[in-house]
K.L.:
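Quick one: the structure is below, and I'll ask about it shortly.
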Amino acid sequence: MIGINTEIIRIEDNDNLLKPAADCLRNGGLVAFPTETVYGLGGNALLAQSAEKIYRVKGRPSDNPLIVHISALDEAEKIGERIPDSFYRMAEAFWPGPLTMIVRRKAEIPYSVTGGLDTVAIRMPSHPIARKLIALAGCPVAAPSANLSGGVSPTLAKHVIQDLNGKIEYIIDGGSAQYGLESTVISLTGDKPVILRPGSITYSMILEILPDTLLHESLIGTVQDLEEKPSSPGMKYKHYSPKAEVFLLYGTDEKIRSYMKEHDSENCCMFLYEKQEKSDFCHTYNLGSDKDLSQSASRIFAYLRDADEKGYQRIYIPAVPEKGVGLALMNRLKKSAAGNSIKL
Ligand code: AMP
Ligand code: MG
C-alpha cells in the first residue's frame with residue numbers, strides 16, 4: 001500500500017473525472033473525497049479488505065467502527081436490519097446532511113466495517129461530489145475522516161495530502177468543508193435514541209423530531225469521565241491532537257485576556273473571538289462571532305493544523321458554553337486539550 005502513486009483530482013466543472021475514482025473504489029481501492037462535514041477516506045463497504053486497508057493507512061484501531069455512506073435512502077435497507085420508524089423520521093428531517101444513525105447490522109456488512117459490532121452507522125452526505133462518487137461507485141462507502149488516527153480531521157484537500165499522499169489511490173479536491181466538524185452520531189438501537197457524538201445537527205434540533213432523545217452521559221461529564229465511559233468505540237481514543245499543546249481556558253473575557261497576555265510569546269498562538277482585541281498578541285487566529293459558533297466550528301480544525309505548520313508550541317483557546325453547536329465544538333476541543341483545561 002505505502003508508496004503508491006496518489007492521483008489528485010481537482011473537481012471544477014468536469015465531474016466526469018469522478019468515474020475512474022468511483023471504479024477504483026468499487027474494486028477495492030481507497031479514495032479520499034470531500035463531504036460537508038470533513039474529508040472522508042472511502043472504501044467499498046461490502047469488502048472486508050477495503051475496511052482493513054482503511055484501518056491500516058490511518059493507523060486506526062480496528063475496534064473503532066466506520067460510518068457507511070449512501071447516496072439514496074433505499075440503500076439503507078441493504079445495510080441495516082429492522083430499521084425503526086424513528087430512522088425514517090430523522091432521515092426526512094436531516095438527510096442528506098451531517099447526521100449519522102446507528103441501527104442493527106445486516107450480515108452483508110463485514111465485521112471489519114463495524115469494528116466487530118452487530119450495529120452499523122449510516123449517513124447520507126449532502127456534498128454533491130460525495131453523493132455523485134457514491135452513486136457512481138454503486139456500492140455503500142465506508143468512510144472515516146481522511147486523517148491519520150489521533151490527529152486533526154481534514155477540512156481541506158491539502159490536509160489529506162499531508163496525511164495520506166502516497167498511501168491511497170485518489171484524493172478528490174472539492175475545496176473547503178462547509179461544517180468543519182464530523183457528523184452528529186445518534187444510536188437508534190436502544191429503548192430511547194441516544195446522541196453518542198455531538199455535531200452540527202444539534203440536540204435541540206433532534207428533540208423536535210425525537211423528543212425522548214438522550215445525550216450519552218459522557219457528553220455531560222468531564223474529560224476524565226470520557227476516558228471511563230466512552231459513548232462509542234471511537235470516543236475512547238486520543239483524538240483531534242495537533243503537535244502543539246492546546247490549553248482550553250474557562251472564565252470571563254477579562255480573565256481569559258489577562259491569562260493570555262501573561263502567557264503570550266513568539267512560539268504561542270491565541271484563538272480569539274471577533275469581539276476580543278488582537279493587537280497586542282504575537283500570533284492570533286480569528287474564530288468569528290461567538291454568537292454564531294458554526295463559524296468557529298468550520299475554522300477550528302484548519303487553524304489547529306495551520307498552527308502546527310507554523311511550528312507554534314502552545315495554542316490557547318477560550319472555552320464556550322456547551323449548547324447548540326458549542327456542545328460539538330467543546331467536545332472536540334476538550335479532547336485536543338486532553339488534561340489542559342484551565343479554570344480561571
Ligand atoms: P469517524 O469515522 O472518524 O467520523 O468516526 C466515526 C465515529 O462513529 C466513531 O466515533 C465511531 O466509534 C462511531 N461509530 C461508528 N459505528 C458505530 C457503531 N456501530 N456503534 C457506535 N459508534 C459507532
Ligand atoms: Mg475521525
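Read the numbers this way: they start at 1 and go in the same order the structure lists the ligands and their atoms.
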K.L.:
What are the atoms of ligand 1, with element, lying closer than 4.0 Å to any heavy atom of Arg197?
P.N.:
1 (P), 4 (O), 5 (O), 6 (C), 7 (C)
K.L.:
Under 4.0 Å from a heavy atom of Asn64: which atoms of ligand 1 are those, numbered in the order shown and with their elements?
P.N.:
9 (C), 11 (C), 12 (O)
K.L.:
Need the ligand 1 atom indices (1-based, order shown) with element for anything under 4.0 Å from a heavy-atom of Leu117.
P.N.:
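Close to Leu117: 18 (C), 19 (N), 20 (N).
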K.L.:
If we set the cut-off at 4.0 Å for heavy atoms, which region of Arg60 has an atom near ligand 1: side chain, backbone, both, or neither?
P.N.:
side chain
K.L.:
Quick one about Arg123 and Thr35 (side-chain donor to acceptor, distance below 3.5 Å, no hydrogens or angles considered), yes or no?
P.N.:
yes
K.L.:
Report the residue from Arg305, Arg60, Lys158 that forms a salt bridge (Lys or Arg N to Asp or Glu O under 4.0 Å) with Asp163.
P.N.:
Arg305
K.L.:
Within ligand 1, which atoms have a heavy atom of Thr119 less than 4.0 Å away?
P.N.:
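This gives 18 (C), 19 (N), 20 (N) as the contact atoms.
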K.L.:
Show me the donor-acceptor pairs within less than 3.5 Å that the side chains of residues 263-271 make with the rest of the protein, sequence neighbours left out.
P.N.:
unit_1: His263; atom_1: ND1; unit_2: Tyr259; atom_2: O; d: 2.8
unit_1: Asp264; atom_1: OD2; unit_2: Cys282; atom_2: N; d: 3.0
unit_1: Ser265; atom_1: OG; unit_2: Asn267; atom_2: N; d: 3.3
unit_1: Ser265; atom_1: OG; unit_2: Asn267; atom_2: OD1; d: 2.7
unit_1: Glu266; atom_1: OE1; unit_2: His283; atom_2: NE2; d: 2.9

K.L.:
Specify the closest pair of heavy atoms between Gly180 and Phe301, including all atoms of both residues, with the distance to one decimal.
P.N.:
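For Gly180 versus Phe301, the nearest heavy atoms are O-CD1, 3.0 Å.
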K.L.:
Is it true that Arg257 and Thr252 share a donor-acceptor pair across their side chains at a distance under 3.5 Å?
P.N.:
no
K.L.:
Which ligand 1 atoms are under 4.0 Å away from a heavy-atom of Pro144?
P.N.:
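Result: 2 (O).
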K.L.:
Whether the side chain of Arg131 engages the backbone of Ser126 through a donor-acceptor N/O pair (distance < 3.5 Å, no angle test) should be reported.
P.N.:
no
K.L.:
Is there an N/O/S atom in Asn147 at a distance below 2.8 Å from the Mg ion (ligand 2)?
P.N.:
no
K.L.:
Between Ile67 and ligand 1, which part of the residue brings a heavy atom under 4.0 Å of the ligand: side chain, backbone, both or neither?
P.N.:
side chain
K.L.:
Any non-hydrogen atom of Thr114 lying under 4.0 Å from ligand 1?
P.N.:
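Under 4.0 Å: no for Thr114.
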K.L.:
With a 4.0 Å cut-off, would you call Glu322 and Lys334 a salt bridge?
P.N.:
yes
K.L.:
Yes or no: does Arg105 have any heavy atom under 4.0 Å from an atom of ligand 1?
P.N.:
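Checking ligand 1 against Arg105, which is what was asked, there is no heavy-atom contact under 4.0 Å.
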